[in-house]
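Only one structure is covered here, and it is reproduced in the block below.
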Amino acid sequence: AFIGGAGIHPISAFIAYEVIATHCVGIANLLGVNGLAIGAVLATFDPHALSIIAKEICDNEKQGIPTFLSTCVTEPGAGSDAEDSDKFQEAQLITTAEKVSGGYLVNGTKIFISNGSLASIHVVIAFKKEGSHLPEDQLILLVRDGAKGLSVPRIEKKMGQKVCSAAEVHFDNVFVPDDMVCRSSGKSKDYFSYTGMANVLGMTRAGVGGFATGVAEGAYRSALRFTRENDFLGHPMEQQQWVRVELAHLARRAQVARSTYIGALLSVFDSGLM
């Protein structure tokens, strides 16, 4: 409540992603990535870190400026295993945050980062020791775009969703002050369990389901519109039985997908994990 908002249930956001994805899944993904970054910070229970992001969004909105965020998790040697608490020990993590006076020095490379070339704030997951898998060594830091040593050496050439860029984000002795480090207790601890991050990432997979459902719904609507605007052998295509059967299959698949991802979300919230 202290940061404002519309007061609607979080599931509403996923449904909105689906509706947007019906027209452009890239825009839906671009917005969903912001939600992921905010969710990662929320999982630390650090009101100060959350207020930094909220202020950035609100101040920019008043000026008509969009705010983009990124979540820097994936590394060259750590992909989906870095997001799964059961396989986390297999991840080869090299991005580190070394404690120095007044903050941390971050070194490493993150890859395939959505919004990586657009973000004004990066939510970065790093460890105090290279290759560490200990929860007490994990850090979540907020790094502003333009920080000395921060660079985006590569933007991926994507086949689709091009509006939401995926980029490589490199950190070369990037200094992050203490007040930009998420602290789970608000006092002494500056880490939180990677299980918490796994839960956040797991919940956002329903968002990906929403994106896919939007694409399926968009395909059905496009096919329906085409059949209404065209004839087949001199007769309205929409009146052909085989066409109606195919349209019904398209509609059914979209509905099944919708029921699946919303059901998954309801299970997560009902279980109390989020």
Side-chain angles (χ1 to χ4, degrees), residues 1-74 83 110-125 140-147 150 152 155-156 158 160-169 180 182 196-215 261 265 268 274:
F2 73 95
I3 61 172
I8 60 177
H9 197 283
I11 290 180
S12 301
F14 292 87
I15 296 174
Y17 296 153
E18 180 202 329
V19 175
I20 295 170
T22 299
H23 303 278
C24 180
V25 69
I27 294 293
N29 192 23
L30 188 140
L31 297 173
V33 170
N34 273 13
L36 170 59
I38 293 171
V41 175
L42 277 170
T44 69
F45 300 100
D46 184 348
H48 174 69
L50 185 60
S51 68
I52 291 174
I53 290 180
K55 185 176 186 304
E56 178 91 4
I57 294 173
C58 292
D59 288 349
N60 286 345
E61 185 174 325
K62 291 176 182 177
Q63 303 177 59
I65 302 172
T67 302
F68 300 108
L69 310 170
S70 82
T71 304
C72 297
V73 179
T74 305
E83 305 173 4
K110 301 290 186 175
I111 60 173
F112 305 135
I113 305 303
S114 296
N115 284 359
S117 61
L118 303 173
S120 58
I121 296 180
H122 301 275
V123 179
V124 183
I125 284 75
I140 290 188
L141 313 98
L142 306 182
V143 182
R144 291 191 180 277
D145 180 44
L150 173 67
V152 180
I155 299 178
E156 301 296 333
K158 301 173 67 175
Q161 303 183 34
K162 295 183 179 180
V163 69
C164 182
S165 64
E168 177 180 312
V169 183
M180 295 290 279
C182 297
M197 175 56 73
N199 287 339
V200 171
L201 291 165
M203 186 188 71
T204 62
R205 295 304 179 249
V208 177
F211 300 159
T213 302
V215 172
Y261 88 81
L265 281 171
V268 170
M274 298 300 296

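- Atom CZ in Phe14 sits 9.0 Å away from atom OH in Tyr261 (nearest 0.5 Å).
- Screening Leu31, Leu30, Val33 for a side chain to side chain contact (heavy atoms under 4.5 Å, CB included) with Phe68, the sole residue that qualifies is Leu30.
- Distance check, rounded to the nearest 0.5 Å: NZ of Lys110 to CD1 of Ile125 gives 6.5 Å.
- Partners of Glu156 according to the side chain to side chain donor-acceptor pair (under 3.5 Å) rule, which considers only residues two or more places apart in sequence or in another chain, are Arg154.
- Side-chain contact between Asn115 and Thr71 is absent, with no heavy atoms from C-beta onward closer than 4.5 Å.
- Note that NE2 of His48 and CE of Met180 are 7.5 Å apart. Values are rounded to the nearest 0.5 Å.
- Heavy atoms of other residues, nucleotides or ligands lying less than 6.0 angstrom from NZ of Lys162 number 12 at most.
- Considering only heavy atoms from C-beta on, Ile38 comes within 4.5 Å of Leu50 through its side chain.
- Side-chain contact between Pro66 and Asn60 is absent, with no heavy atoms from C-beta onward closer than 4.5 Å.
- Judged by distance alone, the side chains of Thr67 and Ser120 never bring a donor and an acceptor atom under 3.5 Å apart.
- Closest of all the heavy-atom pairs between Cys164 and Ser114 is SG-CB, 4.1 Å.
- Annotation: side chain of Leu142 is in contact with side chain of Val123 (closest heavy-atom distance under 4.5 Å).
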